[in-house]
Amino acid sequence: MKLSLALVFTFILPLIRAQVPHWGPCPEPSVQQAFTLKQFMGRWYEIAKLPAQFEKGRCIETNFTLKTDNSIRVVSSEILKGELRKIEGIGVVEDAKNPAKLGISYSYVLPYSPYWILSTDYVNTALVYSCTDILRLFHVDFAWILGRTRTLPDSTIEKAKEIFANNNIDVTRMVASRQQSCDKTL
């Protein structure tokens, strides 16, 4: 038993080094009531986030497009080391009764990761949460404050952090995303 736990931690810990691990299972936050997927579509800029291994650049944004089969084309981009990098994925509504609980995958071989819309007004801000349990011993979570513009007022960001905290999501390590000099030619 000790050997198997040691092996699990040997392989899992490097994956979560930059993430935010917490003891226990994922929290179950409230999601946006009466969520309208079509209104959520379009370009969203990352304003703040919990640190994520897969996001190292600046000018991070994601564009969501509803496809004819009701799946979602998800194109995320960032500028890293002077290069524009893009990745395309697919999103789905995982439960028609709860359409604010999306799943997104950037690979055909990986399962959908939770992408829950906790709150949005569709025109200014959106709060997104994702969490994965690891053997129900601990969890790794991600949280994003998104905006339709590259900046949001400080008061809006503080209110967003309060919403996360009220849902038992620790955002003390949340950092501002770098959205400066994004419109310059690379």
Side-chain angles (χ1 to χ4, degrees), residues 18-20 29-67 71-93 99-107 112-131 140-167 169-186:
Q19 296 359 106
V20 182
S30 300
V31 295
Q32 176 82 25
Q33 295 296 310
F35 179 73
T36 306
L37 186 61
K38 284 184 182 180
Q39 285 184 271
F40 185 76
M41 297 295 99
R43 186 173 314 280
W44 289 96
Y45 300 98
E46 183 182 273
I47 304 300
K49 65 182 172 192
L50 289 179
Q53 181 70 21
F54 52 86
E55 293 179 325
K56 296 180 181 178
R58 61 184 177 84
C59 306
I60 297 173
E61 60 185 70
T62 301
N63 195 11
F64 299 90
T65 307
L66 194 58
K67 296 169 64 172
S71 66
I72 306 158
R73 179 176 183 244
V74 182
V75 179
S76 296
S77 65
E78 68 179 348
I79 297 173
L80 183 64
K81 297 180 181 176
E83 289 184 34
L84 180 64
R85 297 182 180 209
K86 291 185 178 188
I87 186 169
E88 186 171 334
I90 295 292
V92 295
V93 173
K101 289 187 175 183
L102 305 177
I104 293 180
S105 179
Y106 288 100
S107 169
Y112 290 102
S113 296
Y115 194 86
W116 294 2
I117 314 304
L118 303 191
S119 176
T120 186
D121 63 2
Y122 304 103
V123 295
N124 295 303
T125 62
L127 309 183
V128 178
Y129 182 66
S130 181
C131 188
V140 178
D141 58 359
F142 307 93
W144 296 272
I145 300 171
L146 305 177
R148 292 289 192 187
T149 58
R150 291 194 186 277
T151 60
L152 290 174
D154 290 342
S155 59
T156 302
I157 295 169
E158 287 308 311
K159 183 178 176 187
K161 288 180 178 180
E162 286 176 25
I163 292 169
F164 283 121
N166 290 339
N167 279 283
I169 298 166
D170 180 5
V171 291
T172 56
R173 292 181 54 194
M174 186 168 267
V175 295
S177 299
R178 295 176 295 152
Q179 291 287 350
Q180 295 82 17
S181 303
C182 298
D183 299 323
K184 292 182 178 177
T185 304
L186 295 174

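One-based numbering along the sequence shown.
- Judged by distance alone, the side chain of R148 and the main-chain N or O of Y122 form a donor-acceptor pair under 3.5 Å.
- Considering CD of Q39 and CG of D121, their distance stands at 10.0 Å, rounded to 0.5 Å.
- At least one donor-acceptor pair under 3.5 Å links the side chain of D170 to the backbone N or O of T172.
- At least one side-chain heavy atom of V175 sits under 4.5 Å from a side-chain heavy atom of K49.
- With a 6.0 Å cutoff to the six-membered ring centre and a 45° limit on the axis angle, K101 counts as a cation-pi contact of W116.
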*Show the numbers, then the answer: is there a side chain to side chain contact (heavy atoms under 4.5 Å, CB included) between M174 and F164?*
CA-CA 11 Å; M174 186 168 267; F164 283 121; 4.0 Å; yes
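- Contact of the Y106 side chain with the S76 side chain is registered, since non-hydrogen atoms from C-beta on lie closer than 4.5 Å.
- Using a 4.5 Å cut-off on side-chain heavy atoms (C-beta onward), I60 and S177 make no contact.
- Judged purely by atom type and a 3.5 angstrom limit, E78 uses its side chain to pair as donor or acceptor with the backbone of K56.
- Counting only distance, with no hydrogens or angles, the side chain of R73 and the backbone of K67 share no donor-acceptor pair below 3.5 Å.
- Taking all atoms of both residues into account, the shortest heavy-atom contact from R178 to G57 is NH2-O, 3.3 Å.
- Across all their heavy atoms, G91 and V74 have their closest contact at N-CG2, 3.9 Å.
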*Yes or no on side chain to side chain contact (heavy atoms under 4.5 Å, CB included) for L152 and Y45, after CA distance, side-chain angles and deciding distance?*
CA-CA 10 Å; L152 290 174; Y45 300 98; over 6 Å; no
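- Inter-residue side-chain proximity for T151 and I47 is flagged as unmet; no heavy-atom pair is nearer than 4.5 Å.
- Separation of atoms OG1 (T156) and CD1 (I145) is listed at 9.5 Å; rounding is to 0.5 Å.
- Taking the side chain as every heavy atom from C-beta outward, L102 and L37 approach each other to under 4.5 Å.
- A donor-acceptor distance shorter than 3.5 angstrom exists from the side chain of S130 to the backbone of P114, with no hydrogens or angles considered.
- Between E61 and Q179 there is no side-chain heavy-atom pair separated by less than 4.5 Å.
- Note that CZ of R43 and OG1 of T65 are 9.0 Å apart. Values are rounded to the nearest 0.5 Å.
- In plain terms, the two heavy atoms of S71 and V92 that are nearest each other are CB-CG1, 4.5 Å.
- Across R58 and S181, no two heavy atoms sit closer than the pair NH1-O, 3.2 Å.
- Here the closest heavy-atom approach between residue A100 and residue Q32 is recorded as CB-O, 3.7 Å.
- With values rounded to the nearest 0.5 angstrom, I72 atom CD1 is found 8.5 Å from F40 atom CZ.
- The environment of D154 atom CG is sparse: at most 12 non-hydrogen atoms of other residues, nucleotides or ligands sit within 6.0 angstrom.
- Note that CG of L127 is 9.0 Å distant from CD1 of I169, once rounded to the nearest 0.5 Å.
- Counting all heavy atoms, side chain and backbone alike, I163 lies closest to S119 at CD1-OG, 4.3 Å.
- Panel note: side chain T120, backbone T125; a donor-acceptor pair is recorded below 3.5 Å.
- Here the side chain of Y129 pairs no donor or acceptor atom with the backbone of N167 at under 3.5 angstrom.
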